[in-house]
Visitor: 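Dumping the structure here so I can ask a few things about it.
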Amino acid sequence: MTTMESTPTTVPDDFDVARIVQNDRVHGSVYTSPEIFQREMDTIFRKGWVYVAHESEVSEPGDYLTRRIGHDPVVVVHGKDGKIRVLLNRCSHRANKLCNAEMGNANSFRCPYHGWTFSNDGSLTAVPMRNGYGEAFQKVRSELGMAEAPRVDSYGGFLFASLAADGISLQEHLGNATKAIDRLLNLSPTGTIDLRSNWMKHLHHANWKMVVENNVDGYHALFTHASVYDAIRPAKVSHIPSKVDVVVRDMGGGHSEIDYSAEYRKLDEEFVWYGRTPREKLPEYVAALEAAHGPEKTHDSLVVGPPHTLIWPNLFLAEMNIMYVEPIGPDETVAYTTAALFPGQDRMNERMLRRSEGAMGPAGFLIADDGEIGMRNQAGLAARDPEWLRLSRGLETDVKDETGIVNSDKSAETPQRGFYRQWASVVGQEI
Ligand code: FES
Ligand code: FE
């Protein structure tokens, strides 16, 4: 039983992040307080870089998607001028949400309220009954295009946007996390992936951080996913953390990962990450990869496999699945997942889709377990004692190297500590 401390359950005016996030623990209010949630929207999601879409989803002029950056609805659209923009999904007249479809292809967006029409580059092109604006019409029209995220950039096809005009570049934001994207793209003969097989949506009754930090938790799998291990036993790669060369890594900037590469290199066996499919079963794929990268690099890529990496704040490279999360409220989150497909590799893609459904689908064997755990975490937080959640596992065995802070015990809470170090530095800033 912990002693009750004078810690806040809501955010006071003199918000002091050190009172709710410390090196080895996080206060429960971080997951439950509406004020903290709002502060996250205003800082993490309005000031920093946030993953919004993949270029393959808007590859043709006119292609668009509706997404959210925190709570701000946006349209990611490939304009007729060839430029991909992230436009705020709000009519500049009286705020109606302009575009309701999840995706499509359109030259323009017409507001259903009073019929104002905007081109797919965001400019206002038509205003019904324009005489009502008198002499000022041209000025109104030129000033009232759709608002645009001031910064949009991409790496390896992953599109990120920032609603703030100033700040660090995307490259600086991603830091070491670019290596994880490279690791995924090394598996593609074209060096690109395709995320157009549509997204599975899971509503989690949990705070968005519960969903995200669980993705890089190397401690829970044996317990939360016990049924999976019962089904695949005996496996060559043990999932008992002390028996494997698997490290967890805080890559800095809130990015973190579980890295299986040392264990896989030790085994020196291809496709361990892919159910040990023999390369003879995927001849077109292996041949295309060898043609693109040569036999040596191909062998290494097939041994090492894809990343298991969280990219701050909302993107998770879940090996051959991609996940992003949308926070809805303090205790509600939508997680979107899809399979990463390789252009032109139909046979490989077919298998990836089936595997993705098996792991991440509504009747899948992984995400459903994690969803229930997240919900039970949130339910447990209603009890106010103890007030803090512990993140001290492996604290004394963390080692700093050029890749970040690394722990050779897969079950260490190193990724979570890195996540909350970043969280504190962003959420604690003046707004
Ligand atoms: Fe869109 Fe009036 S609110 S046209
Ligand atoms: Fe899990």
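Numbers for residues simply follow the sequence, beginning at 1. Whatever order the structure lists them in is the order used to number ligands and atoms, beginning at 1.
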Visitor: Using 2.8 Å as the cut-off, count the protein N, O or S atoms closer than that to atom 2 (Fe) of ligand 1.
Guide: 2

Visitor: Please name all residues satisfying salt bridge (charged side-chain N to carboxylate O under 4.0 Å, His left out) with Asp346, sequence neighbours left out, ordered by chain then number.
Guide: none

Visitor: Just jot down the salt bridge (charged side-chain N to carboxylate O under 4.0 Å, His left out) partners of Asp369, sequence neighbours excluded, or say none.
Guide: none

Visitor: Report the residues that fulfil ring-ring contact (aromatic ring centres under 6.0 Å, His included) with Phe271, sequence neighbours left out, ordered by chain and then residue number.
Guide: Trp273

Visitor: What I want to find out is whether Arg354 reaches Glu350 closely enough, with some N-O distance under 4.0 Å, to be called a salt bridge.
Guide: yes

Visitor: Do other residues, nucleotides or ligands put more than 12 heavy atoms under 6.0 Å from the CZ atom of Arg151?
Guide: yes

Visitor: To the nearest 10°, how many degrees is the angle Asp370 OD1 to the Fe ion (ligand 2) to His220 NE2?
Guide: 100°

Visitor: For Tyr64 together with Phe109, are the ring centres under 6.0 Å from each other?
Guide: yes

